[in-house]
**Q** 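First, the structure itself, so that you have it in front of you.
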Amino acid sequence: AGIAGCGGLGSNAAVSLARAGVGRLILVDDDRVEIHNLNRQHFFMDDVGSLKVEALAGHLRRINPEIVLSLHAVRLSPDLVGEVFRGADLLVEAFDRAESKHWLIESWCKAFPGKPVVAASSAEDRPRHRDHALALHQQVELELLAQPDGGAVHRGRELQLGRAGRGRQQQGGEHER
């Protein structure tokens, strides 16, 4: 899996994936750990000032010493998406700014057609193009399954969003979100 942005969303997603047994991650972020972000990011006081990808890599290796990490302390651009995330099964979009989310998802979909994007955003930050990630009235819930070779397999269920942002599972059952 590829993770674009190693702040609040990305660092916690990386830790969860490592704990779930996903054995290969591509981490991309050019930022450094700052003290005022420690309340929401998976970093510690002794990480302050370190590159986020390097500090996060240290934590992930403590969780799983066998994990294979590809670290990119670069400012991601549309031209780099295909090169940096080559080999990723899916992308975790964890950027802060709406315009960056848009070009990242568009670039991913051009470089890797059919490969899923897990995106987090508010309603106004949703991608402009319905086919790229989450449509306004639907979302995809992904279940990641760790594989023995370190990869991840995903199974998706389409959820219809209700008026309060909650969805009902389309494939039967009483699951509410």
Side-chain angles (χ1 to χ4, degrees), residues 1-109 111-112 115-122 125 127 132-134 140-154 156:
I3 300 178
C6 293
L9 291 171
S11 64
N12 287 292
V15 167
S16 294
L17 290 169
R19 289 189 187 282
V22 174
R24 288 187 308 248
L25 293 175
I26 300 167
L27 306 176
V28 183
D29 197 310
D30 71 333
D31 207 359
R32 293 184 179 271
V33 178
E34 298 179 22
I35 195 165
H36 65 273
N37 291 326
L38 294 179
N39 64 323
R40 61 187 183 82
Q41 298 179 359
H42 194 86
F43 297 108
F44 303 93
M45 287 296 294
D46 59 347
D47 294 326
V48 172
S50 301
L51 287 166
K52 287 182 179 179
V53 293
E54 292 177 358
L56 185 55
H59 302 305
L60 298 175
R61 288 184 179 115
R62 289 177 65 197
I63 293 167
N64 176 4
E66 305 287 318
I67 196 165
V68 176
L69 300 171
S70 177
L71 309 179
H72 300 272
V74 298
R75 180 168 293 286
L76 198 57
S77 68
D79 296 337
L80 290 175
V81 170
E83 176 185 335
V84 169
F85 291 112
R86 184 174 294 121
D89 301 320
L90 63 91
L91 174 69
V92 175
E93 175 278 305
F95 278 177
D96 294 328
R97 296 178 38 229
E99 63 191 45
S100 298
K101 293 173 182 287
H102 294 310
W103 66 251
L104 174 61
I105 292 168
E106 288 174 358
S107 300
W108 170 268
C109 291
F112 307 106
K115 288 191 176 183
V117 175
V118 179
S121 64
S122 61
D125 287 344
H132 286 174
L134 305 177
V140 175
E141 178 181 89
L142 290 178
E143 177 182 342
L144 293 177
L145 305 172
Q147 297 299 299
D149 68 356
V153 171
H154 56 86

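Note that the coordinates shown come from a computational prediction; the quantities given were computed from them, not determined experimentally.
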**Q** Trp108 vs Phe112 aromatic rings, parallel, tilted or perpendicular, using cut-offs 30° and 60°?
**A** tilted
**Q** Rounded to the nearest 0.5 Å, how far apart are CD of Glu99 and CG of Leu104?
**A** 12.5 Å
**Q** Are the side chains of Leu56 and Asp29 in contact, using a 4.5 Å heavy-atom criterion?
**A** no
**Q** Nearest 0.5 Å please: distance from the CG atom of Leu25 over to the CD1 atom of Ile67.
**A** 4.5 Å
**Q** Once you round to the nearest 0.5 Å, how far does NE2 of His72 lie from CG of Asp30?
**A** 13.0 Å
**Q** Checking Phe95 now: which residues fulfil ring-ring contact (aromatic ring centres under 6.0 Å, His included) with it, not counting sequence neighbours?
**A** Trp103
**Q** One pair to check against side chain to side chain contact (heavy atoms under 4.5 Å, CB included): Val117 and Leu90. What are the steps and the verdict?
**A** CA-CA 6 Å; Val117 175; Leu90 63 91; over 6 Å; no
**Q** Would you list the pairs meeting side chain to side chain donor-acceptor pair (under 3.5 Å) in which at least one residue belongs to residues 55-69, sequence neighbours left out?
**A** Asp47-His59
**Q** Less than 4.5 Å apart, any side-chain heavy atom of Leu80 and any of Val28?
**A** no
**Q** What are the two closest heavy atoms between Gly2 and Ala88, and how far apart are they?
**A** N-CB, 3.8 Å
**Q** Do Leu38 and Val33 have side-chain heavy atoms sitting under 4.5 Å apart?
**A** yes
**Q** Do you know which two heavy atoms are closest between Ala94 and Gly10, and how far apart they sit?
**A** CB-N, 3.5 Å
**Q** Do Ile3 and Ile26 have side-chain heavy atoms sitting under 4.5 Å apart?
**A** no
**Q** Is any side-chain heavy atom of Leu51 closer than 4.5 Å to a side-chain heavy atom of Arg32?
**A** yes
**Q** Is it the case that more than 12 heavy atoms not belonging to Arg40 sit under 6.0 Å from its CZ atom?
**A** yes
**Q** Rounded to the nearest 0.5 Å, how far does CG of Asp31 lie from OG of Ser50?
**A** 12.0 Å
**Q** Could you give the distance from SG (Cys6) to NE2 (His42), rounded to the nearest 0.5 Å?
**A** 12.0 Å
**Q** Closest approach of Ala57 and Leu27, non-hydrogen atoms and distance?
**A** N-CD1, 4.5 Å
**Q** Between Lys101 and Glu93, is there a donor-acceptor pair closer than 3.5 Å when you use the side chain of the first and the backbone of the second?
**A** no
**Q** Determine whether Leu91 and Val81 satisfy the following criterion, side chain to side chain contact (heavy atoms under 4.5 Å, CB included), listing intermediate values before the conclusion.
**A** CA-CA 10 Å; Leu91 174 69; Val81 170; 5.9 Å; no
